[in-house]
Amino acid sequence: MKTKNMFKALAMAMLMPAMLLTTACSNDDFAVNNDNTEIVNQKGFTIPVTINVTRQGDDATMRATFDNDTKKLSFSTGDKLFVKGYESVAGSFAGTLTWVSEGTFTGTITTEKEYTGTYEQLFTAAKSTGHATATLLPNGYESVNFLYIQDQGTVAKYDDEVFANYKNAFALTKAAGVEQLSWEWGDYSIGTGFALSSGNTILNFTITGLAASTNVNVSLELEKYSVNKSVTTNASGTASFAIGVYGGAYNLNELALTVGGNSIARGSKELAAGHIYNISRSVGGLSGKFTINSSGDKVFFSKGNLRYASGTWSFFDNQYDYYTSYSADAWDKFGWSTSANTYGMYTSTIPSDYSGDFVDWGSNSDLQTALGTGWFTLSSAEWTYLFNTRSASTVGGTENGRYAKAKVNDVQGIILFPDTYTHPGGVTAPVGVNATGDTGWNGNNYSSADWTKMESAGCVFLPAAGYRNGSSVYEAGTVGIYRSATLNGSDCAYNVDFNSGDLNPTANGYARGLGFSVRLVRKVE
């Protein structure tokens with residue numbers, strides 16, 4: 001980084017212009033072109049520095065660079081240290097040091113005025129008459145995908161001093177941005193060097209479940225500044241980005257993520273200073289991953305059962321939601337779909353009205369406009385593999401814990417545990433795991449607050465929404481029947497069927513014309 005950018009006006013630091021000298025001492029003036037806008041004449045001394053630097057804290061939630069194996073915060077090749085300060089004799093001083101070994105940085109600093117002492121003497125004196133601080137410049141911080149956010153979203157340009165002083169930041173690629181966003185800095189301590197601490201809270205986002213090259217608009221409103229940017233999903237339909245929030249604990253007043261004008265995340269949160277928040281969203285879907293075949297294909301489930309109301313396709317807001325009665329303007333129980341126009345929204349009970357090949361609800365262009373592409377209905381074989389075969393975590397003392405009957409927010413149904421699952425602390429462990437009888441039905445009762453924690457851990461809930469025959473709904477709350485994409489004979493289709501005393505992922509005796517629940521999935525790329 002060129003020295004010509006080192007001394008810009010900084011009110012807080014009281015830095016004065018400086019110049020680059022090719023010798024240790026010089027009285028000659030020379031001109032430096034500063035950003036092609038002004039000529040600055042400077043005098044000064046360069047002082048060699050080799051100094052110890054440590055990083056404070058041992059809490060993994062507070063450091064993106066925390067190594068859980070070594071329990072250390074490690075520096076790496078390419079890391080640099082920007083040092084600046086003020087002392088009454090030397091005036092303002094600054095310089096960029098490079099990492100040479102764990103905890104050691106070396107290089108030179110340049111003083112505004114003539115100074116003949118060592119850097120230790122200068123920094124020690126600065127403790128009394130001014131200040132001496134250092135900011136970590138992590139390897140790769142100059143990346144074109146890494147932006148600094150000044151007041152109200154203005155993007156600052158790259159150089160060492162800008163990095164060291166503009167704390168708010170936005171990274172378009174998370175892998176290259178998390179450590180960069182921590183903004184670690186500290187004051188000089190006599191005899192020990194610089195001790196760095198994280199100044200930023202990091203919001204670390206992963207958005208999945210979208211098509212490749214989809215634009216995601218990010219709007220962040222904070223007490224101190226705002227961010228309005230956009231990112232584009234990669235070939236797998238994933239957008240990863242991070243935002244560094246400077247300062248102590250304060251509120252994230254409003255966060256909004258939108259795709260094609262549709263909100264996919266919105267909310268507010270009180271932030272703890274220095275912590276990292278990992279925020280994952282699957283658009284219209286849940287975070288848990290479920291293996292559906294021996295090839296290892298995995299899926300996300302939609303965030304709720306499918307519904308069609310007032311001319312719009314959507315998922316229920318909560319996993320335990322469903323309609324308890326039939327309405328011509330509100331459908332959530334569909335005949336086995338054979339029409340790209342109605343998608344099983346018939347009240348006819350005549351089998352021939354449902355003849356023909358299967359048309360997946362996920363192929364509906366109107367649904368895709370509202371909910372995104374890639375949604376589909378599991379086949380009977382995939383449902384069966386998910387319930388009976390896949391490898392999964394131990395849950396409630398049961399190896400390969402895949403499901404359990406339960407009541408969630410006073411709604412009875414089936415909980416599906418993701419392949420990898422850790423039951424949240426403070427929530428009663430489930431009973432009757434992988435049991436088809438009524439043990440879990442009677443023994444697992446989770447409040448909406450409990451369920452929020454379990455859902456965040458990846459759980460899926462299939463409510464016992466009943467079924468529709470013609471225009472009447474039966475056994476809502478006691479029976480759950482979910483569509484598969486697989487035909488059984490000419491007039492019937494396979495379904496997942498459960499009640500208090502039974503569970504059958506390959507139930508096959510139901511006519512196409514009956515209305516059953518639909519829960520769509522999307523492949524994990």
Side-chain angles (χ1 to χ4, degrees), residues 284 301-351 353-356 358-364 366-367 370-371 375-380 383 408-409 411-414 416 460-488 491-500 502-521:
F301 275 83
S302 62
K303 70 174 185 177
N305 283 358
L306 182 66
R307 65 178 171 182
Y308 179 83
S310 302
T312 301
W313 292 94
S314 65
F315 301 129
F316 279 103
D317 293 334
N318 300 297
Q319 294 201 62
Y320 43 75
D321 290 341
Y322 60 89
Y323 294 137
T324 58
S325 61
Y326 164 77
S327 168
D329 194 41
W331 298 74
D332 72 332
K333 299 173 181 64
F334 304 91
W336 201 74
S337 179
T338 60
S339 169
N341 295 320
T342 60
Y343 288 90
M345 289 186 291
Y346 298 109
T347 56
S348 170
T349 58
I350 301 172
D353 288 340
Y354 299 86
S355 62
F358 177 65
V359 179
D360 200 309
W361 291 270
S363 66
N364 184 346
D366 290 336
L367 180 148
L371 301 174
W375 296 105
F376 66 96
T377 307
L378 290 173
S379 69
S380 181
W383 274 119
V408 172
N409 195 39
V411 175
Q412 291 178 316
I414 294 282
L416 299 176
V460 167
F461 185 67
L462 305 177
Y467 64 93
R468 177 181 56 80
N469 188 7
S471 58
S472 298
V473 172
Y474 299 91
E475 297 188 283
T478 60
V479 169
I481 308 177
Y482 284 76
R483 286 293 185 191
S484 82
T486 307
L487 184 66
N488 178 37
D491 295 329
C492 297
Y494 288 100
N495 305 279
V496 176
D497 181 11
F498 61 86
N499 53 44
S500 64
D502 192 24
L503 167 63
N504 186 355
T506 57
N508 58 16
Y510 299 122
R512 298 184 187 197
L514 294 173
F516 297 148
S517 301
V518 170
R519 193 63 168 270
L520 297 180
V521 299

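Computed from a prediction, not measured in an experiment: that's the story for all the values here.
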With a 4.5 Å cut-off on side-chain heavy atoms, are [Y] and [X] touching?
X	Y	value
L306	L367	yes
S348	Y354	yes
W375	N364	no
D317	K303	yes

What is the minimum heavy-atom distance between [X] and [Y], and which atoms define it?
X	Y	result
Y494	L487	CE1-O, 3.6 Å
S380	T506	OG-CG2, 3.5 Å
T347	Y326	CG2-OH, 3.5 Å
D360	Y343	O-CE2, 3.3 Å
V359	S363	CG1-OG, 3.8 Å
M345	W313	CE-CZ2, 3.9 Å

Side-chain donor/acceptor of [X] to backbone N/O of [Y], under 3.5 Å:
X	Y	answer
N508	N488	no
R519	S302	yes
D332	Y323	yes
N318	Y320	no

Exercise. List the steps and the verdict of side chain to side chain contact (heavy atoms under 4.5 Å, CB included) for Q319 and V460.
Key: CA-CA 7 Å; Q319 294 201 62; V460 167; 3.6 Å; yes
Practice problem: Under the side chain to side chain contact (heavy atoms under 4.5 Å, CB included) rule, what do W361 and F376 come out as? Steps first, then yes or no, please. | Solution: CA-CA 7 Å; W361 291 270; F376 66 96; over 6 Å; no
Between [atom1] on residue [X] and [atom2] on residue [Y], distance to nearest 0.5 Å:
X	Y	atom1	atom2	value
I481	K333	CD1	NZ	10.5 Å
D491	I350	CG	CD1	12.5 Å
S517	Y467	OG	OH	12.5 Å
T486	L378	OG1	CG	9.5 Å

Quiz item: Can you find a side-chain donor-acceptor pair between D329 and S310 that sits under 3.5 Å?
Solution: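 Checked: D329/S310 side chains pair up, N/O donor to acceptor below 3.5 Å.
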Quiz item: Under the side chain to side chain contact (heavy atoms under 4.5 Å, CB included) criterion, do N504 and F498 qualify, and how do the steps go?
Solution: CA-CA 6 Å; N504 186 355; F498 61 86; over 6 Å; no
Can you check whether [X] and [Y] have ring centres sitting under 6.0 Å from each other?
X	Y	answer
F516	W336	no
W331	Y308	no
F461	F301	no

Practice problem: Scan for side chain to side chain donor-acceptor pair (under 3.5 Å) pairs involving residues 468-485, sequence neighbours excluded, and state none if there are none. | Solution: N305-Y482, R483-N495
Quiz item: Which of these passes side chain to side chain contact (heavy atoms under 4.5 Å, CB included) with Y322: L462, V411, V473?
Solution: V411
Practice problem: Go through the steps to decide whether D497 and Y510 satisfy the test side chain to side chain contact (heavy atoms under 4.5 Å, CB included), and finish with yes or no. | Solution: CA-CA 10 Å; D497 181 11; Y510 299 122; 2.5 Å; yes
